[in-house]
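Since the model is a prediction, treat every value here as computed from it, not as a measurement.
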There are 2 protein chains.
Amino acid sequence: MDKNVTLSLEEADLLSNDVLTSNGFSQEHAAAITRSVLTAQRDECHSHGLYRLIGCVQTARRGGVDPRAIPKVSDDAPGIVRVDAQRGCSLLSFEKGKPHLIEKAKHCGLAALAINNSFHFSALWSEVESLSEEGLVALAMTPSHAYVAPAGGTSPLFGTNPVAFSWPRPGGVPYTFDFATSVVARGEIELHKRAGKTLPEGWAIDRNGDPTIDAEAALSGALLTFGGYKGSALSTMIELLAGPLIGDLLGHETRAVDENGEGKPFHGELVLAFSPEVFLGKETEKHMHHAESLFEGVLSQGARLPSQRRHAARARSLADGIKIPESLYKELKLLI
Amino acid sequence: MDKNVTLSLEEADLLSNDVLTSNGFSQEHAAAITRSVLTAQRDECHSHGLYRLIGCVQTARRGGVDPRAIPKVSDDAPGIVRVDAQRGCSLLSFEKGKPHLIEKAKHCGLAALAINNSFHFSALWSEVESLSEEGLVALAMTPSHAYVAPAGGTSPLFGTNPVAFSWPRPGGVPYTFDFATSVVARGEIELHKRAGKTLPEGWAIDRNGDPTIDAEAALSGALLTFGGYKGSALSTMIELLAGPLIGDLLGHETRAVDENGEGKPFHGELVLAFSPEVFLGKETEKHMHHAESLFEGVLSQGARLPSQRRHAARARSLADGIKIPESLYKELKLLI
C-alpha cells in the first residue's frame, strides 16, 4: 500500500504553485489552477485534485496549452460576458469573467459567461459553488472529447458533457451537483480494464455498436449516456449550448484536435447565473427558506444531498490538512 | 375496437373552441388552449391533444381554474418578464409573455419568462418549439404533483418535473425534446394497472419504500426518477428553478393543494430563451450550420432525433386531417 503524506493547505498551495510556475505557467494561471485543484483536493475529489497538475504540466511541455495566455474579456451584451482563453487554461478565464457575470446577473436577473478556446480539465462544481457563495444560482456545462454514443447509435459522437448546478442556502453550504452525462466517467472503464473486471451491462458498446461488458472492447467502442434517450437528449443540449451557441467546438471536433497530438482539447464552457434577489425582490428571504423544505424532504427520507460527502471531507481537511499518496507527492516534487 | 373520426384542422379548431367557450372559458383562453391541444393532436401526441379538453372542462366546472382569468404581465428586470396567470390556464400567460421574452432575449442575449399561479396541463415542447421557430434557443421546465421519490428515498417528494429544449435549425423544423424526469409518466403505471401487467424493475417503489413491480403498489408508493441519482439531481434543479426561484410552489406543495379537492395544481413555469444572434453576431449563420453536423452525426449512425416521429405525424395531419377515436369525439360534443 502507498503511504499517505499529510500537507497543510498552505503547504499544498505552495507546492502546486511551485510545480506550475517552474513549468512556465504565469503566476496568475498558477494561482487560478491551484485554487481549483486545492478546492477539489480539500473536498477529497482526488481525480480533480493535485493529481491533475501532472496532466497540466505534461500538456504544457507538449505545447498543448499556452501557460502564459492572457484571457481577453469582452462585454458582448447586457446579459453576456465572453472570455477568450487564448488557448490558456479555462480557470483563469472563469475568474476573470466571474465578477462581470455576477454584475450582469444582478442587473438583468440572469446572465451568461461564455469561455472560448480554453484548455479544460477541471471540475465544474467548484465554479458553480463559488457563484452560490455570492448568493447566485448557477448552472455550468462543457463538452469534452467524444467518447459517448447517442441513444440508438453505434459510435462516439458526444463528449462526456458534464453539467453542474448550485443553489445558495441561507446559513449553509450551497446545494451543488456535478455529473457527466455519460453513464460513468471514461476513467471508470480504464479502472475496470486494469483490474481485469467486466463492466456492468448498459455502460458501453463495442466498435460494432453492440452492447459489451468487456472493458477493452468498450474503450475502442463507446460509452453510453446515463438514462437512455433522456440522457442522450440532455447531452445533445450541452453540446449545442456550450458549443455552437457560444461559437465553440462540438465534442467530436475536440477529439480530432487531440489526435493531432497537441494534448488536451480546446473547447468552450457556458456558465449561467441567476440572481434570486432580482427574481424575488423583497420576497427573496422567504423563498430561499421555502426552498429549504425540499432539502429537508430529501434528508428526512434518509436520502442524501449530492454534496454531503464532499462537505464532510472538507471539514476533515480544514481541521487536519490534506492527505495525498506519497508516490504522488514525490512525482509532484520531481516536476519542480 | 373504437372507430376513428377524421377532422380537418379547422373543424378540430372549431370543436375545441366550442367546448371551451360553452364551459365558461373566455375567447382568449379558449383560443390559447386550442392552439396548444391542436399542436399536440396534429403531431399525434394524443395524451396532450384534444383528450385534454375533458380535464380542462372538469377542472373549470369544479372551480379548479378561473376560465376568464386575465394574465398580468410585469417587466421585472432587463432579463425577466413575469406573468401572473391569476389562477387561469398557463397557456394564455405563455402567449402574453412570449413577445416580451423574445424582445428581452434579443436585447440581453438571454432572458427568462416566469409564469406564476397557473393551472398547467400542457406539453412544454410546443412552447419551446414555437420560440425556436422565431430563431431562439429555448429551455422550459415546470414542477407538477409530487409522485416521485428522490434517489435513495422512500416516498413522493418531486413532481414528474418535465424539461423541454429547442434549437432552431436553418431551413428545417427545430430540434426539440421534452421529457419527464420521472422514469415514466404516471399514466404509464395506470395503463399497466388497467391491463393487469407487472411493471419493469426500476420504475417504482411501494409505500414502504421497497422496489415494486406491482402497479397498484406503485400508485400508492412513488415513481422513481430516470437515470438514478443523476435524474434525481436534475429533478431537484427543476423544482428549485421553476419553484422558489420564481416565487412559486414545490411539487410536494402542489399535491397538498390538489387534495383540497380544487382540481389540478397551480404552480409555476420557467422558460429561458437565448438569442444565437446576440451570442454569435455575424458568425451566427456559420455556427448554426456547424450545429447541423451534430444532428447529421446522430442520423448517420442510424439513431433518431427526438422529434422525428412527431414531425412525420405532423406531415400526415396537415395532408389528411387529424384522427381521434369516435368515443372521444362524442364525449367532446356532449360537453358543448
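Between chain A and the residues B:Leu241, B:Asp76, B:Val137, the largest count of heavy-atom pairs under 4.5 Å involves B:Leu241.
Within the 4.5 Å cutoff, no side-chain heavy atoms of A:His287 are placed close to those of B:Ile246. With a 4.5 Å cut-off on side-chain heavy atoms, A:Leu234 and B:Leu234 count as touching. At least one side-chain heavy atom of B:Gln301 sits less than 4.5 Å from a side-chain heavy atom of A:Leu157. Side-chain contact between A:Thr236 and B:Phe165 is absent, with no heavy atoms from C-beta onward closer than 4.5 Å. Contact annotation: the side chain of B:Leu245 approaches that of A:Phe274 to within less than 4.5 Å [non-hydrogen atoms, C-beta and beyond]. Taking 4.5 Å as the limit, some side-chain heavy atom of B:Cys108 sits within range of a side-chain heavy atom of A:Cys108. Looking at heavy atoms from C-beta onward, B:Ser293 lies in side-chain contact with A:His252 at the 4.5 angstrom threshold. Using a 4.5 Å heavy-atom threshold, the side chains of A:Pro244 and B:Met288 count as separate.
Neither the backbone nor the side chain of B:Val163 comes within contact range of chain A; no heavy atom of the residue lies under 4.5 Å from a heavy atom of that chain. Only the side chain of B:Leu272 comes within less than 4.5 Å of a heavy atom of chain A; its backbone N, CA, C and O stay farther away. The parts of B:Val298 that come within reach of chain A are both its backbone and its side chain, each placing non-hydrogen atoms under 4.5 angstrom from that chain. Of the atoms belonging to B:Leu305, not a single heavy atom falls under 4.5 Å from chain A. Only the backbone of B:Ala151 comes within less than 4.5 Å of a heavy atom of chain A; no side-chain atom from C-beta onward does.
B:Lys230 places a side-chain N or O within donor-acceptor distance of the main-chain N or O of A:Ala180, the cut-off being under 3.5 Å.
Between A:Tyr229 and B:Phe177, the gap from one ring centroid to the other reaches at least 6.0 Å.
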